[in-house]
> 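Shown below is the structure under consideration.
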Amino acid sequence: MIDNFASRLSVAPMMDWTDRHCRYLHRLLSKRALLYTEMVTAPALVRGGARHLLRFDPAEQPVALQLGGSDPEELARAAEMGGAEGYGEVNLNCGCPSDRVQSGAFGAVLMQQPALVAQCCRAMIAATDAEITVKCRIGVDDQTPEEVLPEFLSQIVAAGVERVTIHARKAWLQGLSPKENRDIPPLDYDLVFEMKQLFPNLHISLNGGIATLEQARGLLDAGIDGVMIGRAAYHTPTDILRAADKEIWGGEMGPDPVDVVLQMRPYIEAHLADDTPGGGKLSAVTKHMLGLFAGRPGARLWRRHLSEQAHRPGAGWSVVEDALAAMEQAATPRVAAP
């Protein structure tokens, strides 16, 4: 069970982004932020036997597993597997608008079937001691959010769900791409705050359009229980996560990004020696490190060196060292010759 205190600030689950390497990096920057896996489909776990998708390092805790699916029995089995693996939270995705998700009858399309979502949640709750949570949109397509969102929340609360994350945008399943669905539908923070008034005992986190810790603090001060940050936490992890423990929880500032890079060395070397699925390639780890120095002198050289060299056969730790050296050299003021 994950403490609600941890979910005051969380990093959004993002397909192909928040894998175990990304989460390990983020944990070095923040000891307290709640981290999520990228979405794992229940069929892949239950029918496909893809247990390797549940892998995580204990150092990542607190970390939650996000599942995609719409079959109550299958989701219950997948949730049981996640709980047995050590996840304290299993989150049901009812917000992803991708075509791949729609074809599987899960993700945002489930906003149209609140009774089925409630059935899924009940089955998952019965199957594991891990907390079952939901991530949703405020509605889809031509739905009226003011009508459908309260009904959706009522159904999952009745099923036993005590924590939900609401992406404060509609998902347009017809007419917008997944990328467009992240930006084009207008944000409606007011509606999410209305849901907090309507469901005072439901822990509600707000997601969508939050790019700074200042924004996050403002929303928390206004009465929302938690804030989830996605792309900003990924592309500028130092700006968001290094200061998070201090600004959100009153703790200490996280380490300097140079120290974070050096702390990654044992992890990277272990990964390079890993011959199991997903192991062995330097770029699998370093692609998540490109934004560590965003906005700092020499950041462009850091990104360029890693992008050009980390994918090459045999690339190892020396590539990271060389990228650091190039960045630090670029950042050192040059003294003009007399």
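Note that the structure is predicted; figures quoted are calculated from it, not measured.
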> Would you kindly say whether Thr165 and Asn207 are connected by a side-chain donor-acceptor distance under 3.5 Å?
no
> Any side-chain heavy atom of Val320 sitting closer than 4.5 Å to one from Gln309?
no
> Got Glu146 and Leu191 here, is their nearest side-chain heavy-atom distance under 4.5 Å?
yes
> Taking all non-hydrogen atoms of both residues into account, name the closest pair between Lys196 and Gly223 and its distance.
CG-O, 4.0 Å
> Using a 3.5 Å distance criterion without hydrogens, assess whether the side chain of Trp317 forms a donor-acceptor pair with backbone atoms of Pro266.
no
> Can you see which heavy atom on Leu282 is nearest to which on Gly316, and at what distance?
CD2-O, 3.4 Å
> With a 4.5 Å cut-off on side-chain heavy-atom distances among I, L, V, M, F, W and Y, is there a chain of contacts connecting Ile125 to Phe199?
yes
> May I ask you to decide if Ala44's main-chain N or O and Thr41's side chain share a donor-acceptor pair within less than 3.5 Å?
yes
> Could you check whether Glu80 pairs with Arg77 (Lys NZ or Arg NE/NH1/NH2 to Asp/Glu carboxylate O, under 4.0 Å)?
yes
> Are any of the side-chain heavy atoms of Val192 and Ile224 separated by less than 4.5 Å?
yes
> To the closest 0.5 Å, what do you measure between CZ (Phe56) and CG (Asp19)?
14.5 Å
> If you measure from the Lys or Arg side-chain nitrogens to the Asp or Glu carboxylate oxygens, is any gap between Arg163 and Glu131 under 4.0 Å?
yes
> Looking at Leu67 and Ala79, what are the two nearest heavy atoms and their distance?
CD1-N, 3.7 Å
> Check step by step if salt bridge (Lys or Arg N to Asp or Glu O under 4.0 Å) holds for Asp274 and Arg55.
CA-CA 13 Å; Asp274 184 359; Arg55 289 177 61 189; 3.1 Å; yes
> For the CD atom of Glu38 and the CG atom of Asn93, what is their distance to the nearest 0.5 Å?
12.0 Å
> Please say yes or no: joined through hydrophobic side-chain contacts below 4.5 Å, possibly via intermediate residues, are Val258 and Leu290 part of one cluster?
yes
> Side chain to side chain contact (heavy atoms under 4.5 Å, CB included) for Phe193 and Leu206? Distances and angles first, verdict last.
CA-CA 9 Å; Phe193 275 93; Leu206 191 153; 4.2 Å; yes
> If you round to the nearest 0.5 Å, how far is OG1 of Thr238 from CZ of Phe293?
7.0 Å
> Is it true that Glu60 and Arg27 have a side-chain N and a carboxylate O under 4.0 angstrom from each other?
no
> Closer than 3.5 angstrom, by distance alone: can the side chain of Tyr234 be matched with the main-chain N or O of Gly291 as a donor-acceptor pair?
no
> Run the side chain to side chain contact (heavy atoms under 4.5 Å, CB included) test on Leu272 and Ile268 for me, step by step, so that the C-alpha distance in whole Å, both residues' side-chain angles and the decisive distance to 0.1 Å come before the verdict.
CA-CA 6 Å; Leu272 293 174; Ile268 287 174; 4.0 Å; yes
> Can you name the closest pair of heavy atoms from Thr18 and Ala12 and give their distance?
CG2-O, 3.4 Å
> Please check: side-chain N/O of Thr37 versus main-chain N/O of Gln66, any donor-acceptor pairing under 3.5 Å?
yes
> So, His288 and Tyr24: side-chain donor and acceptor under 3.5 Å apart, yes or no?
no
> Would you name the heavy atoms of Ser30 and Leu241 that are closest together and state the gap between them?
CB-O, 3.5 Å
> Give a yes or no answer on whether the side chain of Gln61 reaches the backbone of Gly86 with a donor-acceptor pair at less than 3.5 Å.
yes
> Measure the CG-CD distance between Leu53 and Glu85 for me, rounded to the nearest 0.5 Å.
10.5 Å
> Looking at Ile138, Leu198, Asp188, which one forms a side-chain contact (heavy atoms from CB on, under 4.5 Å) with Leu149?
Ile138
> Keeping Arg137 on the side-chain end and Ala108 on the backbone end, is there a donor-acceptor pair under 3.5 Å?
no
> Taking C-beta and beyond as the side chain, do Ile240 and Leu29 meet within less than 4.5 Å on heavy atoms?
no
> Given side chains that start at C-beta, do those of Glu252 and Asp245 come closer than 4.5 Å, heavy atoms only?
no
> Tell me, with the steps shown, if Ile156 and Val164 meet side chain to side chain contact (heavy atoms under 4.5 Å, CB included).
CA-CA 9 Å; Ile156 65 171; Val164 64; 4.2 Å; yes
> Determine, stepwise, if the pair Leu9 / Leu213 fulfils side chain to side chain contact (heavy atoms under 4.5 Å, CB included).
CA-CA 9 Å; Leu9 181 74; Leu213 282 181; 4.1 Å; yes
> Verify the cluster assignment for Met253 and Trp249: are they in a single hydrophobic cluster under the rule of side-chain heavy atoms below 4.5 Å apart?
no
> With a 3.5 Å cut-off and no angle check, do the side chains of Tyr267 and His21 form a donor-acceptor pair?
yes
> Does a side-chain heavy-atom distance below 4.5 Å link Leu324 with His305?
no
> Do Thr133 and Glu89 meet the criterion of a side-chain donor-acceptor pair at a distance under 3.5 Å?
yes
> Is there a chain of hydrophobic side chains (I, L, V, M, F, W, Y, each step under 4.5 Å between heavy atoms) that links Val148 to Trp172?
no
> Measure the spacing between NZ of Lys170 and CG of Asp142 and express it to the nearest 0.5 Å.
6.0 Å
> Any chance the side chains of Gln143 and Glu147 put a donor and an acceptor closer than 3.5 Å?
no
> With hydrophobic residues grouped by side-chain heavy-atom distances under 4.5 Å, do Leu262 and Leu301 end up in a single group?
no
> Rounded to the nearest 0.5 Å, how far apart are CD of Gln155 and CZ of Arg122?
7.5 Å
> Is it the case that the side chain of Thr212 and the backbone of Gln215 share a donor-acceptor pair, with hydrogens and angles ignored and the cut-off at 3.5 Å?
yes
> So Tyr36 and Val11, do their side chains get closer than 4.5 Å, heavy atoms only?
no
> Salt bridge (Lys or Arg N to Asp or Glu O under 4.0 Å) between Arg242 and Asp259: does it pass, once the steps are laid out?
CA-CA 12 Å; Arg242 186 186 177 211; Asp259 294 329; over 6 Å; no
> Check Gly298 against Met327 and note the closest heavy-atom contact, atom names and distance.
O-CG, 3.2 Å
> Does atom CZ of Arg300 have more than 12 heavy-atom neighbours from other groups under 6.0 Å away?
no
> Can any side-chain N or O of Asp225 pair as donor or acceptor with the backbone N or O of Ser205 at less than 3.5 Å?
no
> Are side-chain heavy atoms of Val134 and Phe152 found at a separation under 4.5 Å?
yes
